[in-house]
Amino acid sequence: MSIFNQKSKFKVKTEVRAVKKTLPEKPKPKPTSAPPSTSRIPSSSVRASPSTTSTPRASPLPPSARKSQNGSSRYLDPSSALKAPSSSTSSNSRKRPRASHSPASPSFDSDSDSDSASDDDWQDQLDPRKRLKRLEQLRRHDPNRRVRHPKMWKGDRESEGELLPIIHAVEVASLSEKCQPVMGLSRDEVGVRLRYPGSNHREKYELVKGKDKIEGAQDILTVVRHVASIYLSEEEARPFLDQNSGIYRRLERCKNLNDGKGFKEALKEYSESLFALQRKGVIAKNLENMRGVPQELVAFILDQVYDRTVAPKVELLAKYENGTDNVYGELLHPFISDIFERTQLTSDMVFVDLGSGVGNVVLQAALEIGCESWGCEMMENACNLADAQKKEFAARCRLWGVAPGKVYLERGDFRKNEPILESLKRADVVLVNNQAFTSQLNDNLVNMFLDLKIGCKIVSLKTFVHDNKLAENDVASSILDVEHLTYPEEYVSWTGAAGTYCISTRK
């Protein structure tokens, strides 16, 4: 989001009573927004079955936090579009399955309208020292985590020509997709290529804008900001983030002034500067010393994946059988990050999502935590989109130079899937979005939990323990210690309201 477009922290409202007496103006308190967490959140799937920006964009974050990312879980009213997963710039948001609010793309960017960001002066947003300090606070530090991708390009000539099987932005947002040129560029001037820190392979963009399409200029701005803020030291980042003459500042100014040619010149300088740092081995060295990935970068990468794979086909998620366990909904990025924090999930643990939908939460766990991550889904359309996400996710992680944990996505009924049943025996954290599950399915799950190891955490939207504590056959109460919690607004795709969930510990 442009730093000049940030909303004022206070709203003034005047009330007039019938006696014609005007009340003094009072600042309207700012509503509580969901903390940052993707993806395109992208989250986890709610389903009653074993599987499970201006222009809005498919992404996993809450609308209030959504400005440059995405998340996922299942519980979808097919008559309306699902909320975008969480991470994407406000102008860059795209459609995502949602239930009543109009979709908006959530975001983890410090430029979002969060309390912490709005308290900062706009110049502080671009101050490398202050921004790096904020990022370090958001970075989950795991001494056992190794962030650098083993196959990232280190600047050597031998592998500099290697191509990655990514879906280029131009394949989903281009003139051929009925988009229009921006920043005063002619139709034959919109093509550009964007360099990433982990590869010599550049992504093809067109500087265009269209309904429910990736906005190339904003996407590029976000990439440049993340590269400079996360991958470089304060000194190395100065040419990119200088408040007056830095490359990012120039790109943003050109975008705001509709100076397309100036934008392309600044982008060329960014590419040359980053290439020089890659050649010197600076990027590889800095990544080698990292022990965590900031949540805002996690969310943005997940959004990129979602926007190129799921968003163009999101209407497929609205096809489900009414009255069955097969319903789709998404838990957004911030919610999932909170779950990871509360369950103290680390890179040497195992995460399992029962009813994983399009795989948003499985991918978020692998990238944000670096752990072994499993998911199982039975809805065919969701499984197909999950496979597409997994493939794009692997290529995108190499593009960014970050190493995720191992990802396993299974198809079918998780009650009968052997790999999933075996993974549950080793699981440290299990996510079950059982918002719409039948009582029979919940009882089946309790029987499956008998095989969980002591101390395993089970996160669910509904408790597995019966209200009738005197029930003789209440197995759940004998094997689970349940903690009841509340999540804030904008944490799930099917409603903007707050709600409750549970974390149960296997006794």
Side-chain angles (χ1 to χ4, degrees), residues 1-6 67-68 88-92 107-112 116-139 155 182-185 192-198 202-203 205 207 215-283 285-287 290 294 296-297 300-301 399-401:
M1 179 175 76
S2 169
I3 51 180
F4 298 107
N5 293 333
Q6 294 183 350
K67 291 203 174 179
S68 70
S88 162
T89 58
S90 59
S91 59
N92 213 8
S107 156
F108 294 105
D109 282 346
S110 62
D111 291 345
S112 67
S116 60
S118 60
D119 287 340
D120 291 321
D121 179 86
W122 71 266
Q123 291 180 327
D124 291 346
Q125 301 281 351
L126 297 181
D127 186 319
R129 293 167 299 176
K130 294 184 178 181
R131 181 169 177 77
L132 287 171
K133 183 178 180 180
R134 283 197 298 274
L135 289 175
E136 197 57 40
Q137 293 173 343
L138 288 175
R139 191 194 309 272
V182 296
M183 296 186 289
L185 295 171
V192 295
R193 289 176 179 263
L194 178 63
R195 178 171 292 278
Y196 286 82
R202 293 180 295 166
E203 182 172 12
Y205 277 84
L207 299 176
E215 185 186 345
Q218 185 58 59
D219 228 42
I220 289 170
L221 274 169
T222 306
V223 170
V224 172
R225 185 173 67 247
H226 285 331
V227 170
S229 299
I230 297 170
Y231 288 74
L232 304 177
S233 67
E234 178 181 338
E235 184 63 30
E236 293 160 353
R238 187 168 286 114
F240 298 86
L241 296 180
D242 182 86
Q243 299 171 20
N244 299 311
S245 60
I247 294 173
Y248 177 83
R249 182 75 181 101
R250 287 160 49 204
L251 285 167
E252 187 175 51
R253 184 185 295 118
C254 289
K255 179 178 181 294
N256 293 336
L257 296 176
N258 288 320
D259 179 7
K261 293 183 178 179
F263 187 94
K264 292 177 68 174
E265 290 175 1
L267 180 59
K268 180 181 179 181
E269 184 177 339
Y270 157 79
S271 181
E272 293 172 348
S273 299
L274 180 57
F275 180 72
L277 293 171
Q278 289 175 308
R279 279 286 196 197
K280 294 177 182 178
V282 170
I283 305 298
K285 179 182 177 181
N286 290 349
L287 275 177
M290 288 172 57
E296 65 172 356
L297 178 58
F300 183 71
I301 294 174
L399 201 62
W400 284 94

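Positions are given from 1 along the sequence.
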Any heavy-atom pair between the side chains of R225 and E296 that's under 4.5 Å? no
In the structure I gave you, are the side-chain heavy atoms of L241 and L232 within less than 4.5 Å of one another anywhere? no
Roughly how far, to the nearest 0.5 Å, is the OH atom of Y196 from the CD1 atom of I283? 14.5 Å
Salt bridge or not for K268 and E265, using N-O below 4.0 Å? no
Less than 4.5 Å apart, any side-chain heavy atom of W400 and any of L297? yes
So which heavy atom on S233 is nearest to which on N286, and how close? N-ND2, 4.1 Å
Side chain to side chain, I247 and R249, heavy atoms closer than 4.5 Å: no
Heavy-atom distance under 4.5 Å between the side chains of Y231 and V282, does that happen here? no
What distance do E269 atom CD and F240 atom CZ have between them, rounded to the nearest 0.5 Å? 8.5 Å
Nearest heavy atoms of A237 and A228, plus distance in Å: CB-O, 3.4 Å
Nearest-0.5 Å distance, CZ of residue R193 to CD1 of residue I220: 12.5 Å
Indicate yes or no for a side-chain donor-acceptor contact from N256 to the backbone of E252 under 3.5 Å, with no hydrogens or angles considered. yes
Separation between CD (E272) and CG (L267), nearest 0.5 Å, reads 10.0 Å
Side chain proximity check, K264 to L185, heavy atoms < 4.5 angstrom: yes
Quickly, which of L399, L277, V227, V223 forms a side-chain contact (heavy atoms from CB on, under 4.5 Å) with P197? Name it, please. V227
Salt bridge E236-K280, side-chain N to carboxylate O under 4.0 Å: no
For the backbone of G184 and the side chain of N258, can you confirm whether one donor and one acceptor N or O come within less than 3.5 Å of each other? no
In short, C254 meets M183 closest at the heavy-atom pair O-SD, 4.1 Å
Measure the spacing between CZ of R250 and OH of Y270 and express it to the nearest 0.5 Å. 14.0 Å
In sequence, state the C-alpha distance, the side-chain angles, and the governing distance for F300 and D219, and then conclude on side-chain contact (heavy atoms from CB on, under 4.5 Å). CA-CA 9 Å; F300 183 71; D219 228 42; 3.8 Å; yes
Report yes if some heavy atom in the side chain of H226 is under 4.5 Å from a heavy atom in the side chain of T222; otherwise report no. yes
